Amino acid sequence: MQPCSVGLIGYGLAGKVFHAPLIAAAGAAGLKLARISSGSADADEIQRDYPGVILDPNPKAMLADPGIGLIVVATPNASHYELARAALEAGKHVVVDKPFVLSSAEGEELIALANAKGLLVSVFQNRRWDNDFLTLRSWVESGRLGPVHSYYAHFDRYSPEVKVRWKEQEQPGAGILWDLGSHLIDQALQLFGLPLAVTADLSVQRAGAQVEDLFHLTMDYGHCKAVLRAGMQVCAPGPRYEVHGTRGSFTKYGIDGQETALKAGARPGDAGWGEDDAANYATVTLASDGAAASQRVRTAAGSYESYYAGMARAIAGGQPVPVAAADALDVVRVIEAARQSHRERRTVDLSIYL
């Protein structure tokens, strides 16, 4: 079977660090990185890293290329909708970096267009394959913690100086809620589904910051509260996950190292890929006969490469995409509700989507 040729739009952090190497790693699965569109990428660097790949100054050539079967949109958030729509209209399957789009109406339109044309659209929510989340998910879904009533997830960083980059400038789709919030919300949705209601507070903390750099978001499930938080001035982060059920608790420090490894030039299949530092293994405490006993739990291996392997199977036929666009649309709905909650200083009902 011939591999599916891929055109990558954007070669900034998302395109260069995540998408290009992970697409290349999916060669055996049936994908081939063929074209990259960027107005600022170094052509010599691309030829060194990906020999034979064509560098385009804009997306027009790859959209018109009948040999390209999949377009990956890895550009600033505000451009996701227009580029994804153009790719679908050109008859291409589409992957969009998170967040999917900046409004639920845009997401609904793209899903309808893909369905009408018989094309696939998926969103790159890579942190479903974080080693810590894979470990937590296995414990929650096994039922060993009992029904979960309290879920706390943090994605904190220490970056006290505002950087000159689009994510930190006042423009549509900027700010930490669209950025790190997309990951935390997607993970909570995977575990618990859409909440009944959302309450959120957004803050601008750092001197010179133009957009929110801290959020605190509560997803209300009635029987369970999921509290998500991310900030940019956290020098000593607390637990990444703190989860309590009726029969036990799960606490995990540290963060998956695949992003750091990719930045350092490591690739899937390298020794130690996706593995966790033993010092960061989770602590699970289970209750039995009125007593509680704690144990350290080895972290499952992270696997960002699973995303594009899944896309290759979906394109070849018979398999669902690794992240459904409908799931990513729910992330957008929660973010819209969170921003409304902050703006109006109230809890926003989401039960209309249930």
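No experiment lies behind these values; they were computed from the predicted model shown.
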Engineer: How long is the gap from CH2 on Trp139 to CG on Leu134, to the nearest 0.5 Å?
Structural biologist: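 Going from CH2 on Trp139 over to CG on Leu134, the span is 15.0 Å.
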Engineer: Determine whether the aromatic ring centres of residues Phe192 and Tyr151 are separated by less than 6.0 angstrom.
Structural biologist: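 Ring-ring flag for Tyr151/Phe192: true, centres closer than 6.0 Å.
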Engineer: Tell me whether Asp213 contacts the main-chain N or O of Arg206 through its side chain, where contact means a donor paired with an acceptor under 3.5 Å.
Structural biologist: yes
Engineer: Are Val204 and Met232 joined in one hydrophobic group, where the rule is that I, L, V, M, F, W and Y side chains link up if heavy atoms are under 4.5 Å apart?
Structural biologist: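 Different clusters.
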Engineer: Of all heavy-atom pairs between Leu83 and Pro59, which one has the smallest distance, and what is that distance?
Structural biologist: CD2-CG, 4.1 Å
Engineer: Give me the atom names and distance for the closest heavy-atom approach of Ile71 to Ile68.
Structural biologist: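 So the minimum-distance heavy-atom pair works out to CD1-CG2, 3.8 Å.
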Engineer: Does a donor on one side chain and an acceptor on the other come within less than 3.5 Å for His342 and Gln340?
Structural biologist: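 There is no such pair (donor and acceptor under 3.5 Å, judged by atom type) between the side chains of His342 and Gln340.
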Engineer: Could you pull out the closest heavy-atom pair between Leu329 and Phe100, with the gap in Å?
Structural biologist: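 Between these two residues, the closest heavy atoms are N-CD2, 4.1 Å.
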Engineer: Would the distance check show the side chain of Asp56 and the main-chain N or O of Asn58 forming a donor-acceptor pair, the cut-off being under 3.5 Å?
Structural biologist: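 Such a contact is absent between Asp56 side chain and Asn58 backbone.
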Engineer: Can you say whether the rings of Tyr11 and Tyr50 are parallel (under 30°), tilted (30 to 60°) or perpendicular (over 60°)?
Structural biologist: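 Judged by the thresholds at 30° and 60°, the geometry between Tyr11 and Tyr50 is perpendicular.
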Engineer: Fit a plane to each ring of Phe124 and Tyr307, take the angle between them on a 0 to 90° scale, and name the class: parallel (under 30°), tilted (30 to 60°) or perpendicular (over 60°).
Structural biologist: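 Rings of Phe124 and Tyr307: perpendicular, over 60°.
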Engineer: Return yes if a side-chain donor-acceptor contact under 3.5 Å exists between Asp132 and Tyr253, otherwise no.
Structural biologist: no
Engineer: Are Leu217 and Leu214 connected, step by step, through hydrophobic side chains (Ile, Leu, Val, Met, Phe, Trp, Tyr) whose heavy atoms are closer than 4.5 Å?
Structural biologist: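 No: no chain of side-chain contacts under 4.5 Å links Leu217 to Leu214.
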Engineer: Do Thr347 and Ser341 make a side-chain contact, defined as non-hydrogen atoms from C-beta onward lying under 4.5 Å apart?
Structural biologist: no
Engineer: Distance check, rounded to the nearest 0.5 Å: Thr199 atom OG1 versus Arg345 atom CZ?
Structural biologist: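 It comes to 13.0 Å.
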Engineer: Verify the cluster assignment for Val123 and Leu113: are they in a single hydrophobic cluster under the rule of side-chain heavy atoms below 4.5 Å apart?
Structural biologist: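 Yes.
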Engineer: Distance alone, cut at 3.5 Å: any donor-acceptor contact between the side chains of Ser104 and Glu336?
Structural biologist: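 A pair is found: one side chain offers a donor N or O, the other an acceptor, under 3.5 Å apart.
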Engineer: Just how far is it from atom CZ of Phe215 to atom CG of Asp179, taken to the nearest 0.5 Å?
Structural biologist: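 Atom-to-atom, Phe215:CZ and Asp179:CG are 9.5 Å apart.
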Engineer: Would you say His80's side chain and Thr75's backbone share a donor-acceptor pair under 3.5 angstrom?
Structural biologist: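 Side chain of His80 to backbone of Thr75, a donor-acceptor pair under 3.5 Å: yes, one is there.
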Engineer: Heavy atoms, side chains only, cut-off 4.5 Å: are Ile36 and Ile54 in contact?
Structural biologist: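 No - every pair of side-chain heavy atoms lies 4.5 Å or more apart.
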Engineer: Between His244 and Ser249, what is the shortest heavy-atom contact and its length?
Structural biologist: ND1-OG, 2.7 Å
Engineer: More than 12 foreign heavy atoms under 6.0 Å from OH of Tyr152: is that the case here?
Structural biologist: no
Engineer: Can you tell me if Asp156 uses its side chain to pair, donor with acceptor, with the backbone of Gly231 under 3.5 Å?
Structural biologist: yes
Engineer: Determine, stepwise, if the pair Arg267 / Asp270 fulfils salt bridge (charged side-chain N to carboxylate O under 4.0 Å, His left out).
Structural biologist: CA-CA 6 Å; Arg267 295 295 181 260; Asp270 289 353; over 6 Å; no
Engineer: Just verifying a value: how many Å separate Trp129 CH2 and Ser303 OG, rounded to the nearest 0.5 Å?
Structural biologist: 8.5 Å
Engineer: Report yes if the side chains of Asn115 and Ile111 come closer than 4.5 Å at any heavy-atom pair, otherwise no.
Structural biologist: yes
Engineer: Report yes if some heavy atom in the side chain of Asp277 is under 4.5 Å from a heavy atom in the side chain of Asn280; otherwise report no.
Structural biologist: yes
Engineer: Which atom names give the shortest non-hydrogen contact between His19 and Ala74, and what distance separates them?
Structural biologist: CD2-CB, 3.7 Å
Engineer: Starting from the C-alpha separation in whole Å, work towards a yes-or-no answer on salt bridge (charged side-chain N to carboxylate O under 4.0 Å, His left out) for Glu212 and Lys167.
Structural biologist: CA-CA 10 Å; Glu212 82 272 358; Lys167 291 182 180 182; over 6 Å; no
Engineer: Out of curiosity, does Ile46 fall in the hydrophobic cluster containing Leu22 (side-chain heavy atoms, cut-off under 4.5 Å, transitive links)?
Structural biologist: yes
Engineer: For Glu170, look at atom CD and say whether over 12 heavy atoms of other residues, nucleotides or ligands are found less than 6.0 Å away.
Structural biologist: no
Engineer: Any side-chain donor-acceptor pair under 3.5 Å between Arg157 and Ser159?
Structural biologist: no
Engineer: Would you indicate whether the side-chain heavy atoms of Val297 and Phe250 approach each other to under 4.5 Å?
Structural biologist: no
Engineer: Report the distance from atom OG1 of Thr251 to atom CD of Glu242, rounding to the nearest 0.5 Å.
Structural biologist: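 So the OG1 of Thr251 and the CD of Glu242 are separated by 5.5 Å.
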Engineer: Taking the side chain as every heavy atom from C-beta outward, state whether Asp276 and Lys252 have any atom pair closer than 4.5 Å.
Structural biologist: yes
Engineer: Assess whether atom CZ of Arg346 is packed by more than 12 heavy atoms of other residues, nucleotides or ligands within 6.0 Å.
Structural biologist: yes
Engineer: Closest heavy-atom contact between Leu88 and Leu119?
Structural biologist: O-CD1, 3.4 Å
Engineer: Ignoring hydrogens and geometry, is there a side-chain-to-backbone donor-acceptor pair from His223 to Tyr221 under 3.5 Å?
Structural biologist: yes
Engineer: Please lay out, stage by stage, how Gln190 and Arg137 fare under the test side-chain hydrogen bond (donor to acceptor under 3.5 Å, both in side chains).
Structural biologist: CA-CA 9 Å; Gln190 286 298 292; Arg137 186 172 190 168; 3.1 Å; yes
Engineer: Taking NZ, NE, NH1 and NH2 as the nitrogens, is one of them in Asp65 or Lys60 under 4.0 Å from a carboxylate oxygen of the other?
Structural biologist: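 Lys60 and Asp65: not salt-bridged.
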Engineer: Given the rule in the side chain to side chain contact (heavy atoms under 4.5 Å, CB included) test, do Lys263 and Phe18 qualify, once you have shown the distances and angles that lead to the verdict?
Structural biologist: CA-CA 9 Å; Lys263 287 178 176 177; Phe18 292 99; 5.8 Å; no
Engineer: So if you build clusters from Ile, Leu, Val, Met, Phe, Trp, Tyr with side-chain heavy-atom gaps below 4.5 Å, do Val321 and Val95 land together?
Structural biologist: yes
Engineer: Step by step, would you call Asn77 with Ser79 a side chain to side chain contact (heavy atoms under 4.5 Å, CB included)?
Structural biologist: CA-CA 5 Å; Asn77 297 342; Ser79 62; over 6 Å; no
Engineer: Looking only at side-chain N and O atoms, does Tyr281 offer a donor or acceptor that is under 3.5 Å from a partner on Arg298?
Structural biologist: yes
Engineer: Tell me whether the NZ or CZ atom of Arg127 lies within the 45° cone about the ring axis of Phe133 and under 6.0 Å from its centre.
Structural biologist: no
Engineer: Quick one: does NZ or CZ of Arg240 land under 6.0 Å from the six-membered ring centre of Phe155, within 45 degrees of the ring axis?
Structural biologist: yes
Engineer: Should we count CD of Gln295 as having more than 12 external heavy atoms under 6.0 Å?
Structural biologist: yes
Engineer: May I ask you to decide if Gly52's main-chain N or O and Gln47's side chain share a donor-acceptor pair within less than 3.5 Å?
Structural biologist: yes
Engineer: side-chain hydrogen bond (donor to acceptor under 3.5 Å, both in side chains) for Tyr81 and Glu109? Distances and angles first, verdict last.
Structural biologist: CA-CA 9 Å; Tyr81 167 75; Glu109 184 178 331; 2.6 Å; yes
Engineer: Does Arg339 reach the side chain of Leu177, with side-chain heavy atoms less than 4.5 Å apart?
Structural biologist: yes
Engineer: Do the non-hydrogen side-chain atoms of Val148 and Val140 ever get within less than 4.5 Å of each other?
Structural biologist: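 Yes; the side chains approach each other to less than 4.5 Å.
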Engineer: Between Trp273 and Glu305, is there a side-chain donor-acceptor contact under 3.5 Å, judged purely by atom types and distance?
Structural biologist: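 Yes - a donor-acceptor pair under 3.5 Å links their side chains.
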Engineer: Mind checking the CG-OG1 spacing from Leu136 to Thr299? Nearest 0.5 Å is all I need.
Structural biologist: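 Between Leu136 CG and Thr299 OG1, I get 11.0 Å after rounding to 0.5 Å.
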Engineer: With salt bridge (charged side-chain N to carboxylate O under 4.0 Å, His left out) as the criterion, how do Glu45 and Lys16 come out once you've worked through the C-alpha distance, each side chain's angles and the decisive distance to 0.1 Å?
Structural biologist: CA-CA 11 Å; Glu45 178 186 5; Lys16 181 177 181 179; 2.7 Å; yes
Engineer: Hey, is Lys98 close enough to Asp186 for a salt bridge, meaning N to O under 4.0 Å?
Structural biologist: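 Salt bridge flag = no for Asp186 with Lys98.
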Engineer: Less than 4.0 Å between a side-chain N and a carboxylate O, is that true for Arg165 and Glu168?
Structural biologist: yes
